[in-house]
Every structure is written in C-alpha cells, then in structure tokens.
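Following: one structure in structure tokens, then a few remarks.
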Protein chains: 2
Amino acid sequence: MKKFKKLEPVDTGSLVDKVEIKLLAFFKDNNLKPGDAIPKELEFAESLGVSRTVIREALLRLRTLGLVESKKHRGMILKQPDIINNFERILDPTLLGEDTLKQLFELRLILEMGMADFLFEHKTQKDMDELEKIVQAEEATDTGKIRFALDREIAFHGKLYQMSKNVTLQGFQNLLLPVFEYVYMKETKNHDLDSDHFTGGKFITHRMLLENLKVGTPETFRNAIRRHLEPHFDHAFKNSNK
Amino acid sequence: MKKFKKLEPVDTGSLVDKVEIKLLAFFKDNNLKPGDAIPKELEFAESLGVSRTVIREALLRLRTLGLVESKKHRGMILKQPDIINNFERILDPTLLGEDTLKQLFELRLILEMGMADFLFEHKTQKDMDELEKIVQAEEATDTGKIRFALDREIAFHGKLYQMSKNVTLQGFQNLLLPVFEYVYMKETKNHDLDSDHFTGGKFITHRMLLENLKVGTPETFRNAIRRHLEPHFDHAFKNSNK
DNA sequence: TTTTGTATTATGTCATACATATAAAATGAA
DNA sequence: TTCATTTTATATGTATGACATAATACAAAA
C-alpha cells in the first residue's frame with residue numbers, strides 16, 4: 001500500500017461551537033464581570049458575520065450554563081454562573097446509570113468527611129441550638145421505621161451542610177439528596193438492614209456527633225463521623241470490590 | 001375598596017421553559033435510557049403545538065447539559081449526562097466573582113480532606129510507584145520558584161484524586177484546578193510568601209504524605225494532609241472573618 | 001463483490017416577520 | 001416645575017419557510 005502524506009481533517013465543528021468560543025473570548029478580552037451588560041444579538045450577528053439564529057443558540061448555551069442572563073426584552077447581562085442549579089434539572093436518579101449514582105454517593109461521603117474544619121470554624125450558638133432541637137426531636141420519636149430514619153438523617157446532616165456556611169456546598173447537598181435517598185432506600189431494602197444499623201446500635205449517633213461538635217476538635221469530629229458513616233462506607237467499598 | 005376574587009397570576013414562563021419540562025417528562029414517562037433515540041424535532045413541534053424554534057431551544061438546553069446528544073443530521077439520542085465537562089468552559093476564574101471563587105476553593109479543601117478513605121481503599125502498587133516518582137522528581141528540582149512549586153502541587157494532588165478511582169471526583173478536580181491556580185497565585189503574590197511556606201519548612205511535605213499513605217491509616221493521613229493544607233485553611237478562614 | 005451514484009432524511013443555518021415586555025422619552029395635568 | 005400618564009423605541013421571544021449538508025440505505029454499475 002502506497003504511503004500518502006497525512007491529510008489534516010477539515011474543521012467539522014458547527015458554527016455555534018465557534019461562536020460560543022468567540023463569545024467567551026469576547027467576555028474575557030473586555031474584562032467583563034458579572035452584572036455587566038453585553039451587546040445585543042443582532043450586533044453580535046453582524047460583527048461575527050453569522051445569522052441571529054447562530055448567535056442565539058450560542059448565547060442560549062451560555063444561558064443554560066448560567067453565565068449570562070437575559071432580561072426579557074431588554075438585553076442580556078453577564079451572570080455569576082450558578083453551578084449547582086443546572087445540575088438539578090438533569091440529576092434525576094432514574095435517568096442516571098448505576099456507576100454515576102455510585103460515584104455521586106461516594107462524593108457525598110467525601111464531602112461530609114471533609115467539612116469538619118469548616119463546621120468548627122463557622123458554627124454559631126444559634127446553629128448549635130437548632131442542631132440540639134433536631135437531635136431532641138429525633139430522640140423523642142419512635143425509632144425503627146426506616147422512612148422516618150431517613151427523614152432524620154436528612155434533617156441532621158442537612159443542618160451540618162448549612163453550618164459550613166458554604167452555599168456552594170449546600171447546593172451540592174441538595175443536589176445529591178435525591179441520589180442519597182435513592183441509594184439509601186436501596187441499601188436498606190436490598191440487605192434487609194434494620195434502621196438501628198444506621199442510627200444506633202454500635203455506631204455513633206447524632207447525639208454523640210453533636211456532643212463532639214460542642215467539646216471536640218475537627219480531628220475528633222472527623223473520626224466520629226467516619227464511624228457514623230461506617231455502614232455507608234462499607235456499602236461503597238463492598239460494591240467496589242465485586 | 002371592593003373585594004375581588006383572587007386572580008391567579010398568569011403563567012409568565014417562556015414557552016421554552018414549558019417545553020423543556022414536557023420533554024423531560026416525556027423521557028421519564030417513556031422510561032428512556034441513555035442510548036435510546038428520541039423523536040425528531042418536527043415531530044415534537046407538531047405534537048406539542050409549537051414551532052420548531054422552541055423545540056430546538058429546549059433541546060439545545062438539554063444538549064448543553066449533556067442529557068441529549070445530537071448525531072448530526074441523523075437524529076438525537078439520550079445520553080448519560082456528563083455533569084462536569086460542560087462547566088469547564090465557563091468556570092473561568094476571571095469571569096467569576098470573589099465569593100464564588102472563595103467557595104470553590106473551600107470546596108477543594110473539603111474534597112482533599114474527605115477522600116482519605118477512598119485512597120486507602122483503592123490504592124494500588126502502581127499508583128504508589130507513580131506517586132513515588134512524582135515526589136522524587138520534585139525533590140530533585142530546585143525549590144523556591146513559585147511557578148514550579150505550583151506545577152508540583154498539581155502533579156501530586158492530581159495523582160491523589162486519580163487514586164480515588166472516582167471519575168466524578170477527578171472531573172471535579174479538573175474543574176476546580178483553574179480556580180486553585182488562580183487563588184494560589186494570588187495568595188503567594190499578595191502575602192509575599194516564599195514557596196517554603198507551602199512545600200517545606202514546618203509543614204508536612206509531599207514526601208511525608210506519601211510515607212503516610214504507605215504505612216498509615218485513613219485517620220493518620222487525614223491529620224497529615226490537614227497540616228499540609230494548613231496555609232490554605234488559614235487563608236480561607238482569615239478571609240471569612242473580615 | 002465492491003464501488004459508485006442517488007434518494008431520503010434530520011439537523012444546521014439563514015432570512016424575515018411579528019408579538020410583547022420593558023425602559024426611556026414624551027406628553028399632559030396639577 | 002413636578003408628578004403621573006401615555007407613547008415610543010428597542011431587544012428578546014416566537015413563528016414560519018427555505019435551503020444546505022451530512023449520514024444512511026439502497027440501487028446501479030463495474
């Protein structure tokens with residue numbers, strides 16, 4: 001077979017792709033910041049030499065990602081992209097594959113293990129009081145019913161996320177919540193575990209975590225919550241080894 | 001003043017919004033999974049009673065989010081949404097506000113603190129050998145130059161993420177990397193710190209982390225990396241208190 | 001059998017028109 | 001002049017129709 005010189009593949013990318021890149025470059029080059037207004041669709045169309053349709057599609061992508069916001073009928077401005085919000089629409093457990101679900105579940109474990117320092121740094125008395133209430137409420141109810149156990153889990157751990165004072169992290173927690181619920185229910189169903197497995201018995205309870213948060217350090221808290229999450233870690237590792 | 005019956009506010013959401021919701025419902029109701037083909041634009045347009053323009057915009061959103069993929073000129077299929085990839089384009093530190101940058105930086109600290117268990121669970125000999133090489137390479141070079149210090153940070157910590165065997169987490173790391181670089185450069189510039197502040201001196205070095213990974217436990221490793229990240233935590237907390 | 005041509009089809013792009021919400025300008029009343 | 005109201009200009013939202021183009025299947029030709 002005769003050898004030919006290599007032939008570079010032609011640029012097959014769509015116009016919209018190119019325009020999107022040009023737009024992003026435009027924002028950067030002009031040092032535009034969130035809140036700044038951007039040119040009109042027709043102006044872009046003219047200066048880039050494409051139809052308004054293409055401009056609209058490129059801008060729509062950026063809008064979908066939250067980088068620009070359209071003030072209806074008045075123009076568009078640059079926006080602080082809200083990373084979290086967009087995920088929510090598509091992060092439906094029923095639309096996700098098993099592997100993705102598993103990874104997101106792991107991610108949640110990682111977040112809870114990692115936020116200890118921020119809890120201790122930012123906690124307030126008000127936070128602690130509220131957490132106390134949550135724990136008291138759950139101690140007052142009868143245990144054993146898995147569905148309620150899940151609700152209590154969410155209340156307690158959700159409060160922790162909130163106490164981190166990092167709204168991006170909180171957004172994440174909301175995002176991962178359906179995934180958590182989904183996997184949680186599957187865990188408890190598949191393996192016929194009683195809820196004690198998660199909230200009581202030999203494991204660290206919410207009460208113990210709360211006390212640790214009062215008198216402990218980030219280090220002691222990490223060790224405590226690690227043991228509290230033990231069954232979930234077990235679950236994550238078990239599946240990873242099959 | 002005469003009292004009127006309440007007048008429900010009219011639905012002011014755009015057509016595209018509604019269509020997007022309808023499309024998502026369609027996918028769920030028909031139990032469509034990644035890989036399945038979906039109807040054509042014109043079919044949607046007809047059955048939903050709107051123009052092809054609206055259908056296209058709604059579908060474009062879902063494409064931007066990675067939920068559907070368009071096989072050029074052949075149709076569209078459902079896709080496993082690649083959550084991470086899309087955000088790389090817009091997560092440009094120069095386009096983000098200070099507060100978002102700060103939160104993303106914190107998020108990175110949280111991730112590194114939280115992944116210890118997964119490192120120990122999934123590490124392989126090959127991983128450890130590669131990490132050894134990375135550390136040796138950085139020990140062989142002259143220290144002091146901040147830019148190189150940053151490269152070494154990225155190499156070492158990037159490898160850690162990779163060792164977690166969680167690709168979503170790795171995607172996150174890639175996502176957050178520009179933010180990290182940006183904040184890192186600002187930290188070192190603003191406070192005139194020498195790179196020893198980050199890599200040597202009284203702090204935990206990469207070498208020490210590696211040794212810990214060999215003979216330690218998740219618990220000891222967490223404490224070690226916590227001290228390794230000390231200056232970054234300081235930075236995060238300092239800003240949060242002003 | 002292999003190659004080449006052709007029809008079909010769905011998305012990509014363009015052009016144009018009109019609807020409509022908003023803000024700014026113009027107008028009118030006090 | 002000042003305030004309230006109306007008008008107007010404008011940019012996005014939506015609709016329609018057209019054609020280009022790439023992927024595919026299938027027929028025709030070698």
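Predicted model, so just to flag it, every value in this text is computed and none were measured. Each chain gets a letter, A, B and so on, in the order its sequence line appears, and its residues count up from 1.
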Students often mix this up, so state it plainly: with edges at 30° and 60°, are the rings of A:Phe118 and B:Phe233 parallel, tilted or perpendicular? tilted
Separation of D:dG13 C1' from B:Glu20 CD (nearest whole Å): 16 Å
Side-chain donor-acceptor contact under 3.5 Å, B:His206 with B:Glu153: yes
Atom CD of A:Glu43 with >12 non-hydrogen neighbours under 6.0 angstrom: yes
Heavy atoms within less than 4.0 Å of DNA chain D: which residues of residues 41-60 of chain A have one? Give them sorted by number. A:Glu41, A:Arg52, A:Arg56
OP1 or OP2 of C:dG12 under 4.0 Å from side-chain N/O of B:Ser70: yes
Separation of atom CE in B:Met76 from atom P in D:dA22, rounded to whole Å: 17 Å
Considering just the side-chain nitrogens and oxygens of B:Arg63, establish if one lies under 4.0 Å of OP1 or OP2 belonging to C:dG12. yes
Under the rule for side chain to side chain donor-acceptor pair (under 3.5 Å), what residues qualify as partners of A:Lys165, not counting sequence neighbours? A:Asp127
Do the ring planes of B:Phe180 and B:Phe105 sit parallel (below 30°), tilted (30 to 60°) or perpendicular (above 60°)? parallel
Tell me every residue that passes side-chain contact (heavy atoms from CB on, under 4.5 Å) with A:Glu132, counting only those two or more places apart in sequence or in another chain. A:Gln136, A:Arg207, A:Leu210, A:Lys214
Mind calculating the distance between CG (B:Leu15) and P (D:dT12) to the nearest angstrom? 18 Å
